**Student:** 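After the structure tokens below, expect a handful of questions from me.
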Amino acid sequence: MTDPSFAPPPFAASRFSVAPMLDWTDRHCRYFHRLLSRHALLYSEMVTTGAILQGNAERHLQFDAAERPVALQLGGSDPAALAQCAVIGAGYGYDQINLNVGCPSDRVQNGRFGACLMAEPQLVADCVAAMRDAVSIPVTVKSRIGIDDRDSYSELTEFIATVANAGCKTFVVHARKAWLSGLSPKENRDIPPLRYDVVLQLKQDFPQLEIVINGGINSLDTAEALLDRVDGVMLGREVYHNPYLLAEVDARIFRDERPLRSRQQIAMAMQAYIERQLENGQRLHNITRHMLGLFHGADGARAWRRHLSEHAGKPGAGFQVVLDALAFTF
């Protein structure tokens, strides 16, 4: 399933990535984002080992080769199950496997994975080692800077060092700690204070590792400033709500000087994909819901969103709905 025409970017793809976001960064979203940036590393939603091994792996893992480079984010804590899922993911053509050690939701904790694993660095190391032994593609970890009252810098460095000794060379670090009780996942994205200084110190103390910073980054100006001190930046909700921000990433972050495509050109470039997906039984709304923010801050943005929202979910809706919405943007 690997696309032989895929060419690596001039910098490591992790120099700029779009965060894994549950219910958002599905394959339709990623295809759309890839039209905006040729080089940014895209992530799947978090997929649990159970969903792959006991559910419908094809539904969770299939993607269009045009989306590459794409990382598969796994949720789990059993080394053998994670290794099996890594093999399956590599077979589908994912470019790397990422272990979620950052999600603080109750459901995730009940499954003994996500942020609660920061309290068990040796288990995380065992998981990484098992996956690395099973696949040749990179295995990376996405974490917080700490959990609950276990948020000292020494505990964080112990976690990083232990997992790095198992062969993990890339850490994506959300620059907030997580509270495992008392805060919702949404509150955990906003209430714990951002501590970029902690992540920047990690890069100084572990210069041999690739450190990617995540959390609260909402502009390419901020991203560029941080790239002077870390190896990569990861943006999440800002990209989802304002996806045209990605259109400048190739030039500003990857030094690719090919001309930008307009918002209208991006929308039109979705036509073949949308029509192909509709033929395969998808509903238009499942795709266009990710495109609502395309005209964020531009003329016609509200009418574009309203028309797609009102008409894309109707039975038999096709690409004409997108064309009609585009008429409001000229």
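The first residue of the sequence shown is numbered 1, and numbering continues consecutively from there. Only a predicted model underlies this, so the values are computations on that prediction, with no experimental measurement involved.
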**Student:** So which atom in Phe254 and which in Ala13 form the shortest heavy-atom distance, rounded to 0.1 Å?
**Tutor:**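 So the minimum-distance heavy-atom pair works out to CZ-O, 3.8 Å.
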**Student:** Which atom pair, heavy atoms only, marks the closest approach of Cys168 to Leu209?
**Tutor:**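 Closest approach of Cys168 to Leu209, heavy atoms only: O-CD2, 3.8 Å.
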**Student:** Quick one: closest heavy-atom pair of Asp23 and Glu45, and the distance?
**Tutor:**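 That closest heavy-atom pairing would be N-OE1, 2.6 Å.
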**Student:** Tell me, yes or no, whether the heavy-atom count around Asp299 atom CG, taken from other residues, nucleotides or ligands under 6.0 Å, exceeds 12.
**Tutor:**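 For Asp299, atom CG is not crowded (no more than 12 foreign heavy atoms under 6.0 Å).
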**Student:** Please answer whether the main-chain N or O of Leu35 pairs with a side-chain N or O of Arg261 as donor and acceptor at a distance below 3.5 Å.
**Tutor:**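 Yes, the answer is positive, given that a donor and an acceptor are paired below the 3.5 Å cut-off.
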**Student:** Do Asp26 and Arg30 meet the salt-bridge criterion of a basic N to acidic O distance under 4.0 Å?
**Tutor:**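 A salt bridge is absent here (no side-chain N lies under 4.0 Å from a carboxylate O).
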**Student:** Strictly by modelled atom types, are Tyr153 and Asp197 linked by a side-chain donor-acceptor pair under 3.5 Å?
**Tutor:**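 On atom types as modelled, these side chains do not qualify, holding no pair under 3.5 Å.
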**Student:** Taking the six-membered ring for Trp, is the centroid-to-centroid distance between His296 and Tyr244 below 6.0 Å?
**Tutor:**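 No: the rings miss the under 6.0 Å criterion.
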**Student:** Near Arg132 CZ, under 6.0 Å, is it more than 12 heavy atoms from other residues, nucleotides or ligands?
**Tutor:**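 Open.
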**Student:** Check whether Arg176 reaches the backbone of Pro192 with its side chain - one donor and one acceptor, N or O, closer than 3.5 Å.
**Tutor:**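 Such a contact is found between Arg176 side chain and Pro192 backbone.
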**Student:** Taking the six-membered ring of Trp24 (Phe, Tyr or Trp), confirm whether the NZ or CZ of Arg237 is under 6.0 Å from its centre and within 45° of its axis.
**Tutor:**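 Judged by the rule (NZ or CZ under 6.0 Å from the ring centre, within 45° of its axis), Arg237 counts as positioned above Trp24.
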**Student:** Check the pair Thr162, Val124 against side chain to side chain contact (heavy atoms under 4.5 Å, CB included), reporting the backbone distance first and the verdict last.
**Tutor:** CA-CA 9 Å; Thr162 301; Val124 176; over 6 Å; no
**Student:** Check step by step if side chain to side chain contact (heavy atoms under 4.5 Å, CB included) holds for Ile213 and Val173.
**Tutor:** CA-CA 5 Å; Ile213 192 168; Val173 186; over 6 Å; no
**Student:** Hey, mind stepping through Gln73 and Asn98 against side chain to side chain donor-acceptor pair (under 3.5 Å) and telling me if it holds?
**Tutor:** CA-CA 4 Å; Gln73 187 181 70; Asn98 178 263; 3.0 Å; yes
**Student:** Pairing donors with acceptors under 3.5 angstrom, does anything connect the side chains of Ser14 and Glu210?
**Tutor:**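 Yes.
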**Student:** Taking Gln265 for the side chain and Ser262 for the main chain, is one N or O donor matched with an acceptor at less than 3.5 Å?
**Tutor:**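 Here the side-chain-to-backbone pair exists.
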**Student:** In plain terms, say whether Asp250 and Arg258 are close enough for a salt bridge, that is, a side-chain N and a carboxylate O under 4.0 Å apart.
**Tutor:**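 Salt bridge between Asp250 and Arg258, a charged N being under 4.0 Å from a carboxylate O: no.
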**Student:** Of the options Arg68, Gln96, Arg15, which is the one that meets Leu41 in a side-chain contact (heavy atoms from CB on, under 4.5 Å)?
**Tutor:**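 The passing option is Gln96.
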**Student:** Between Tyr31 and Phe63, does the ring centroid distance fall short of 6.0 Å?
**Tutor:**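 So the answer is no for these two rings.
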**Student:** Has Arg276 got more than 12 heavy atoms of other residues, nucleotides or ligands less than 6.0 Å from its CZ?
**Tutor:**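 Counting other residues, nucleotides and ligands, CZ of Arg276 exceeds 12 neighbours.
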**Student:** List the steps and the verdict of side chain to side chain contact (heavy atoms under 4.5 Å, CB included) for Gln264 and Met268.
**Tutor:** CA-CA 6 Å; Gln264 288 83 2; Met268 289 301 301; 5.6 Å; no
**Student:** If you measure only the distance, is there a donor-acceptor pair under 3.5 Å linking the side chains of Asp256 and His39?
**Tutor:**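 Yes, a side-chain donor-acceptor pair sits under 3.5 Å.
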**Student:** Using modelled atom types only, decide if a donor and an acceptor are shared between the side chain of Asn100 and the backbone of Cys103 within a distance under 3.5 Å.
**Tutor:**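 Yes: the side chain of Asn100 pairs with the backbone of Cys103.
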**Student:** Assess whether a salt bridge exists between Glu67 and Arg27, defined as any Lys/Arg side-chain N lying under 4.0 Å from an Asp/Glu carboxylate O.
**Tutor:**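 No, no charged N to carboxylate O under 4.0 Å.
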**Student:** Between Met234 and Asn214, which heavy-atom pair has the shortest distance, and what is it?
**Tutor:**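 Result for this residue pair: O-ND2, 3.2 Å.
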**Student:** Is there a donor in the side chain of Thr222 and an acceptor in the side chain of Ser219, or the other way round, less than 3.5 Å apart?
**Tutor:**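 Looking only at side-chain atoms, Ser219 and Thr222 do form a donor-acceptor pair, the distance falling under 3.5 Å.
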**Student:** Counting only N and O atoms by type, is there a donor-acceptor contact under 3.5 Å from the side chain of Lys177 to the main-chain atoms of Asp148?
**Tutor:**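 Present.
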**Student:** Measure the shortest side-chain to side-chain distance between Val18 and Leu235 over non-hydrogen atoms and say whether it is less than 4.5 angstrom.
**Tutor:**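 Counting from C-beta outward, Val18 and Leu235 never come under 4.5 Å.
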**Student:** Show the nearest heavy-atom pair for residues Leu294 and Phe32, with the distance to one decimal.
**Tutor:**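 For Leu294 versus Phe32, the nearest heavy atoms are CD1-CZ, 3.9 Å.
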**Student:** Any side-chain to backbone donor/acceptor pair from Tyr196 onto Leu226? Under 3.5 Å, distance only.
**Tutor:**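 Here the side-chain-to-backbone pair does not exist.
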**Student:** Going through the distances and angles, do Lys203 and Arg229 end up as a side chain to side chain contact (heavy atoms under 4.5 Å, CB included)?
**Tutor:** CA-CA 8 Å; Lys203 181 57 189 176; Arg229 302 179 66 183; over 6 Å; no
**Student:** Can you classify the ring geometry of Tyr273 versus His28 as parallel (below 30°), tilted (30 to 60°) or perpendicular (above 60°)?
**Tutor:**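 The rings of Tyr273 and His28 stand perpendicular, inter-plane angle above 60°.
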**Student:** Check whether any side-chain N or O of Asn165 sits under 3.5 Å from a backbone N or O of Ala161 as a donor-acceptor pair, and report yes or no.
**Tutor:**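 Yes: the side chain of Asn165 pairs with the backbone of Ala161.
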**Student:** Could you tell me which non-hydrogen atom of Arg150 sits nearest to which non-hydrogen atom of Ala119, and how far apart they are?
**Tutor:**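 Answer, listing the atom of Arg150 first, then Ala119: NH1-CB, 3.4 Å.
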